[in-house]
Amino acid sequence: MIDFKKLAKEYETPLYVYDFDSMATQYEELKSAFRGRKSIIAYAVKANSNLSVIRHFAKLGSGADCVSIGEVRRAFLAGIPAYKIIFSGVGKSDDEIREAIERDILYINVESEAELGRVELIAKELDKVVRISIRVNPNIDPKTHPYISTGLHDNKFGVDLSTAKRMYIGANNSKNLDPVGIHFHIGSQLTELEPIYEAAVIVADLVRSLEAIDIKLKFFDVGGGLGVKYDDETTIRPYDYVQTILSTLTALDMTILCEPGRFLTANAGYFATKVLYEKQNGEKRFVIVDGAMNDLLRPSLYNAYHKIEALTESKAKKRAVDIVGPVCESGDFFAKDYPLPPLEHNDLLIVRSAGAYGFGMGSNYNTRRKSAEVAVENGKARVIRKRESFEDLIALEQEFLED
Ligand SMILES: *Cc1c(COP(=O)(O)O)cnc(C)c1O
C-alpha cells in the first residue's frame with residue numbers, strides 16, 4: 001500500500017505517484033504471454049514519457065515506440081537500444097526523418113506514400129539504407145471512443161491495403177529502402193478481441209500476398225491499444241490477446257511487435273490532489289481541489305472516468321459532487337456527480353488510473369506549474385521529476401522583456 005498522506009506531506013500536491021512494481025508486473029505478464037515466440041514489446045512512450053519510467057522498462061528488456069524525435073531522444077537517453085526503437089506518426093518532418101536514419105533505429109513506420117518518398121530521398125542524401133514498415137489502415141471499427149479510434153478510413157492514420165502494397169513494391173525496388181515490417185494500430189483502450197482479430201487477419205493476408213511476390217517481412221507490428229480497467233470494464237487477457245494474434249499468423253515466421261502504453265502504466269499511476277474548498281451553488285455541490293485539467297486532461301478531453309478516493313476521517317454519508325480544479329474553464333473537472341463524503345480543507349483525493357496520458361498531456365495553462373512526479377519501488381519513494389518553478393515557466397520569455 002502506498003502511503004499517499006506521507007507522500008503528499010513530503011512532496012506537496014498536486015502530485016503524480018507511480019507504482020514501479022505494478023508497471024513491472026504488467027510488463028512481465030504481457031511478455032510471458034509471448035513465451036516461445038519471437039517478440040518485442042515496444043513501450044509506447046507517449047503514454048508516460050518520464051525518463052525514469054522509460055528506463056524502468058528499458059531494464060526489463062522493453063523497446064520503445066516513439067511518435068516524435070523528442071520521444072526517440074528520450075528512449076535513447078533512458079537506455080533503450082537503437083535496435084528496439086521504432087518511430088511512428090503521420091507527420092514526421094525532414095529533420096526528424098534524418099535524425100531517425102542517422103540513429104539507425106529498428107525501423108521508421110511510414111504512414112503515407114508522400115512520406116515514403118521523403119524517407120527515400122533523405123536516405124539517399126545520407127547514402128544509407130533505411131529499414132521501414134508501413135502502417136496499414138485496415139478499416140476496422142475498434143469499438144472504442146471516437147477520439148482514440150485510429151483504424152478506420154475516416155481516421156488520419158496509415159494507408160489502405162492497395163496503397164500499402166504499391167508502397168511495398170516501390171520500397172522493395174529502392175536502393176535506399178528496406179521494407180522489414182508491417183504495422184497496424186486500430187485504437188486505444190480496446191476491450192474486445194474481435195476487432196483486433198479482424199484487423200490482424202487482413203494484415204496477415206497482405207503479408208502473405210507480399211511473400212508471393214518475394215517481399216518477405218520480418219516484423220508483424222500489432223500496435224498498442226490493450227485496454228485497462230478504469231471502472232468495471234471487462235478487459236482482454238494478455239494470453240488471449242497473444243493467442244488471437246498468433247492464430248492469424250499460421251505459416252508466417254515473423255517477430256511480433258506490440259506497442260502497449262496504457263496497459264503498462266495507466267493503473268500504476270495515481271494523481272494526488274488536495275481539497276481547497278467545498279461549495280454549494282443552489283442545489284449543486286462542488287469540491288474545489290488544487291489539481292486541475294492542466295495536470296490531468298482526460299476527464300475534460302474525453303469525458304474519461306477515473307475512480308477517485310477521498311482519504312478522510314469523515315464517516316458521514318456520501319453525496320454527489322463535482323470535483324473541479326482552479327482553472328478558468330467550465331471543462332475543468334475530474335468527475336461529475338461523484339459520491340464523496342463531506343470534505344475538509346487539506347483532505348486528500350486520489351485520482352486513480354492516472355499513469356497513462358496523465359502528466360504527458362499536461363500544460364502550463366493559467367501559468368500553472370506542472371506537478372512533481374514520484375516513483376515508488378520496493379516500498380521506497382523517489383522524485384523522478386521536480387515540481388516546476390515559476391522561473392522555469394518564464395525562462396524562455398524573460399529575456400525579451402523591455403522597459
Ligand atoms: C498511442 C499509440 C500506442 C499506444 O496506445 P495504448 O492505447 O496506450 O496502448 C501504440 N502505437 C501507436 C502507433 C500509437 O499511436
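All ligand and atom numbering here is 1-based and tracks the order in the structure. Residues take their numbers from the sequence shown, with the count starting at 1.
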Undergrad: Could you tell me, atom by atom, which parts of ligand 1 come under 4.0 Å of a heavy atom of Ala44?
TA: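 The list of qualifying atoms is 3 (C), 4 (C), 10 (C).
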Undergrad: Short list, please: which atoms of ligand 1 are under 4.0 Å from a heavy atom of Glu259?
TA: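 Matching atoms, with element in brackets: 3 (C), 4 (C), 9 (O), 10 (C), 11 (N), 12 (C), 13 (C).
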Undergrad: Short N/O distance, under 3.5 Å, between Gly261 and ligand 1?
TA: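 Yes, Gly261 has an N/O under 3.5 Å of an N/O on ligand 1.
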Undergrad: Heavy-atom pairs closer than 4.0 Å: do any link ligand 1 to the side chain of Arg262, the backbone, both, or neither?
TA: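 Both parts.
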Undergrad: Under the criterion ring pair (Phe, Tyr, Trp, His ring centres under 6.0 Å), I'd like the reasoning laid out for Phe57 against Tyr43: C-alpha separation, chi angles, the key distance, then a yes or no.
TA: CA-CA 7 Å; Phe57 288 119; Tyr43 169 54; 4.5 Å; yes
Undergrad: Pull out every atom of ligand 1 sitting under 4.0 Å from any heavy atom of Arg135, numbered as shown with elements.
TA: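 What qualifies from ligand 1 is 13 (C).
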Undergrad: Would you sort out whether Asn303 and Arg298 count as a side chain to side chain contact (heavy atoms under 4.5 Å, CB included), showing the intermediate values?
TA: CA-CA 7 Å; Asn303 209 15; Arg298 299 188 69 258; over 6 Å; no
Undergrad: May I ask you to check whether Glu259 and His183 show a side-chain donor-acceptor distance below 3.5 Å?
TA: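 Glu259 vs His183: donor-acceptor pair found between side chains.
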Undergrad: Below 4.0 angstrom from a heavy atom of Tyr357, which ligand 1 atoms are there? Numbered from 1 as shown, please.
TA: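 Taking each heavy atom of Tyr357 in turn, ligand 1 has 1 (C), 4 (C), 5 (O), 6 (P), 8 (O) under 4.0 Å.
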Undergrad: Using a strict 4.0 Å cut-off to heavy atoms of Pro260, name the atoms of ligand 1 that fall inside it.
TA: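 Contacts of ligand 1 toward Pro260, numbered from 1: 9 (O).
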Undergrad: Considering only heavy atoms from C-beta outward, does the side chain of Val130 approach that of Ile122 to under 4.5 Å?
TA: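 Result no, sub-4.5 Å side-chain heavy-atom pair not found.
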Undergrad: Are Asn267 and Ser353 close enough that a side-chain donor and a side-chain acceptor fall under 3.5 Å?
TA: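 Checked: Asn267/Ser353 side chains pair up, N/O donor to acceptor below 3.5 Å.
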Undergrad: Do the ring planes of Phe184 and Phe220 sit parallel (below 30°), tilted (30 to 60°) or perpendicular (above 60°)?
TA: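 Answer is perpendicular, since the angle exceeds 60°.
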Undergrad: Is it the case that ligand 1 has an N or O less than 3.5 angstrom from some N or O of Gly225?
TA: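 Yes, Gly225 has an N/O under 3.5 Å of an N/O on ligand 1.
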Undergrad: Could you list the atoms of ligand 1 found under 4.0 angstrom from a heavy atom of Gly224?
TA: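 Taking each heavy atom of Gly224 in turn, ligand 1 has 9 (O), 10 (C), 11 (N) under 4.0 Å.
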Undergrad: Are the aromatic rings of His306 and Phe334 close, with centres under 6.0 Å apart?
TA: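 No.
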Undergrad: Please say whether Ser88 places an N or O atom under 3.5 Å from an N or O atom belonging to ligand 1.
TA: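 There is no such contact.
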Undergrad: Centres of the Tyr16 and Tyr270 rings: under 6.0 Å?
TA: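 Judged by ring-centre distance (under 6.0 Å), Tyr16 and Tyr270 do not meet the cut-off.
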Undergrad: Within ligand 1, which atoms have a heavy atom of Asp65 less than 4.0 Å away?
TA: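 Ligand 1 atoms under the 4.0 Å threshold to Asp65: 10 (C), 11 (N), 12 (C), 13 (C).
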